[in-house]
Amino acid sequence: MNAKKTYYITTPIYYPSGKWHLGHCYTTVGCDMLARYKRMRGYDVFYLTGTDEHGQKIEKRAAEAGVTPQAFVDGLVGELKDLWKRLDISYDKYIRTTDAYHKAAVSAIFDRLLKKGDIYKSKYSGLYCTPCESFWTKSQLADGKCPDCGREVAETEEECYFFRLSAYADRVKKLLAETDFLEPKSRVNEMVNNFIDPGLTDLAVSRSSFSWGIPVKNDAGHVIYVWIDALSNYITALGYASGDDGLFKKYWPADLQMVGKEIVRFHSIIWPALLMALELPLPKKVCGHGLLLLAGDKMSKSKGNVIDPFVLVERYGIDPVRYYLLREVPFGSDGTYSGEAFLHLFNQDLCNDLGNLVKRTVAMSLQYFGGRVVRPEKPDPADAGFIAAVNALDGKLEALIDKLLINRAAEEVFALIGRANKYIDETKPWALFKEKDTAVLSRVIYNLLEALRVAAAALLPFLTVAPKRIFQSLGLAVPALFAGELVFGKVAAYQTTNAEALFPRLDIERELTFLEDIIAKAAANSVKPAGTREADKQPGTQEEKAMEEGVITIDDFMKVRLVTARVLACEKVEKSDKLLKSTLDIGGGETVTVLSGIARWYDPAELPGKDVVLVKNLAPRKMRGIESQGMLLCSSKGDRLSLVCPEKGAEPGSEVR
Ligand code: MSP
């Protein structure tokens with residue numbers, strides 16, 4: 001019997017140094033989709049992820065938090081594993097660089113290279129960037145600063161070990177320039193022009209300024225550079241250099257190593273050179289995807305501009321978060337996170353297109369045939385186009401996933417779902433029912449059930465909840481493989497059962513406010529060092545205890561700038577049932593625009609001339625593309641709402657206290 005073809009796929013191993021965010025989920029969900037897809041195509045898949053737990057940054061973070069580095073990483077690793085569980089990540093192994101087997105294997109790798117002469121000890125004097133743990137030459141600096149992070153570098157001299165990277169420069173250049181090793185192609189020029197052609201110098205692969213790392217054997221005070229430790233994970237996880245390398249023999253070389261573009265340099269230059277030195281086969285492909293940005297900037301734990309995936313999954317469920325990550329940003333390009341786009345995909349694709357197709361199709365099968373719908377003797381030529389569309393999905397998926405165009409593959413599945421919805425409108429089953437045209441009606445419903453079944457099967461690698469529920473409604477077992485599944489006409493007879501709503505329609509305005517609040521909260525909690533964040537504070541003084549109970553100090557209150565304002569003009573906001581847009585005179589010749597959710601209680605014509613109270617120093621916020629520069633005070637209870645107005649009127653810009 002032929003052994004199954006193997007497929008080894010890896011994510012980067014993440015630094016447990018702060019809050020996990022949606023950016024980390026981007027790579028992991030992308031790889032999860034690919035792993036699930038390949039399994040369904042019959043491959044023997046090994047999907048690896050994990051954490052990169054050593055290094056100076058983590059040592060420092062742990063010290064700030066007042067715990068040992070091990071305790072510090074243990075906490076964050078627990079959270080990350082929980083996150084992967086909540087997102088249904090189907091990894092086969094989770095590696096931690098603090099695992100004993102990994103440390104022993106890295107030590108052995110280092111030793112081997114030392115014996116071979118690919119690692120040697122020498123003196124280093126040069127420029128060092130502490131946060132990146134990297135040495136640089138003067139010519140490599142960007143405006144005198146670290147080319148990776150833009151921070152100051154310091155003149156350093158120390159004894160350390162070097163990896164003979166220069167010896168592999170030609171082979172690495174050939175690999176990048178002449179093969180498909182690195183994707184997308186645009187990254188190849190970047191690597192060759194910026195790093196290889198200017199000259200690859202030997203790489204300092206030990207550090208002596210801190211101790212949280214794998215020690216260099218027989219040389220106290222030196223630890224192995226975090227990137228050598230980290231990159232080796234892809235082979236140590238399979239048992240390389242451990243005496244039990246069955247998995248290594250089976251799965252190495254990796255088929256796909258997915259990384260963010262900011263670490264492509266490590267994976268396309270240092271990593272292959274290291275493998276060449278170890279005389280091991282190279283991974284078949286490294287793919288450097290783009291980044292998920294927030295307001296044009298990279299999401300990063302240190303900047304605090306992050307989206308908390310736990311909150312998203314909790315509120316919206318697994319499928320919408322996975323779908324957003326897989327559908328929104330084409331792999332390879334950068335993409336900007338937007339709450340509006342997330343909600344649009346939820347309401348449009350998941351609720352309207354998919355949800356409605358399921359509900360309508362299953363409901364009609366139940367109403368017209370008690371759920372039993374049988375395959376017609378032979379298909380009607382009139383349906384040829386529709387059937388061809390269903391059958392075309394298989395090939396389209398394969399071609400797109402082959403090129404890692406995950407978002408385009410998702411689009412194709414939804415194009416079929418759209419086609420099926422259109423087929424309902426074209427064939428009008430309710431009219432056929434009225435006309436008692438049972439044979440045609442049965443054929444139409446069968447065609448729809450088949451389209452839905454094929455779409456649901458194709459969605460299995462993308463979404464992990466809804467497709468299974470669809471199979472349940474169709475009265476079928478969930479397929480484990482694609483083989484024979486993505487073909488029209490497979491099912492001889494359906495016996496459907498009830499279909500519940502898969503995705504409840506969301507109120508966009510309410511959810512946008514919710515999503516904007518998550519960002520604001522993350523930012524508020526990030527600027528301060530660990531231990532001083534609101535969440536970390538230990539109540540101490542009487543004042544602090546009162547604050548815990550929701551009491552604020554006079555200083556807190558004085559931070560809110562309340563002024564009176566006169567409404568100059570007011571109108572409804574387009575496409576919104578709730579919002580009014582007011583132009584306000586706030587004195588001193590200044591006017592501001594404010595959006596308020598009061599359209600249910602006020603006609604815009606009533607407001608001009610009214611004196612109202614404005615929170616003037618609220619951070620501006622964009623809603624429906626309009627920036628709101630403050631907030632009007634209102635009283636509200638139950639269904640009653642009333643603007644707060646100074647009883648005798650007031651000069652615009654009067655202080656309210
Ligand atoms: N520990 C190293 C990687 C070692 S791999 C041998 C590291 N860790 S990290 O925690 O900073 O994770 C970086 C990776 O997380 C990126 O390469 C990418 O895969 C993912 N992402 C983190 N932020 C991201 C975005 N904002 N957008 C998309 N992916 C991002 O670097």
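Counting starts at 1 for both ligands and their atoms, in listed order. Worth knowing before you read on, the calculation uses all heavy atoms, side chains too, and leaves out hydrogens, waters and symmetry mates.
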So is H21 in contact with ligand 1, going by heavy-atom distances below 4.0 Å?
yes
Selected option - heavy-atom contact closest to atom 13 (C) of ligand 1, from H54, M258, H24, E262
E262
Main-chain N/O of H102 paired with R96 side-chain donor or acceptor, under 3.5 Å
no
Nearest heavy atom to atom 18 (C) of ligand 1: which of T27, T28, D229, L292 does it belong to?
T27
Within residues 185-194 or reaching into it, pairs that qualify as side-chain hydrogen bond (donor to acceptor under 3.5 Å, both in side chains) - sequence neighbours excluded
D180-K185
With respect to D52, determine whether any N or O atom, backbone or side chain, lies less than 3.5 Å from an N or O atom of ligand 1.
yes
Look only at interatomic distance and state if P12 has a nitrogen or oxygen under 3.5 Å from any nitrogen or oxygen of ligand 1.
no
Any nitrogen or oxygen of G23, side chain or backbone, less than 3.5 Å from one on ligand 1?
yes
With a cutoff of 4.0 Å, is F266 in contact with ligand 1, counting heavy atoms of the residue only?
no
Can you list every pair that meets salt bridge (charged side-chain N to carboxylate O under 4.0 Å, His left out) and has a residue in residues 267-294, with sequence neighbours left out?
K116-E279, E183-K285, D255-K284
Mark yes or no: K250 above the aromatic ring of F46, with NZ or CZ under 6.0 Å from the six-membered ring centre and no more than 45 degrees from the axis.
no
Nearest-option assignment for atom 5 (S) of ligand 1, heavy atoms, candidates Y26, W20, W271, Y234:
Y234
When you measure from the centre of the six-membered ring of F72, is the NZ or CZ of R61 closer than 6.0 Å and no more than 45° off the axis?
no
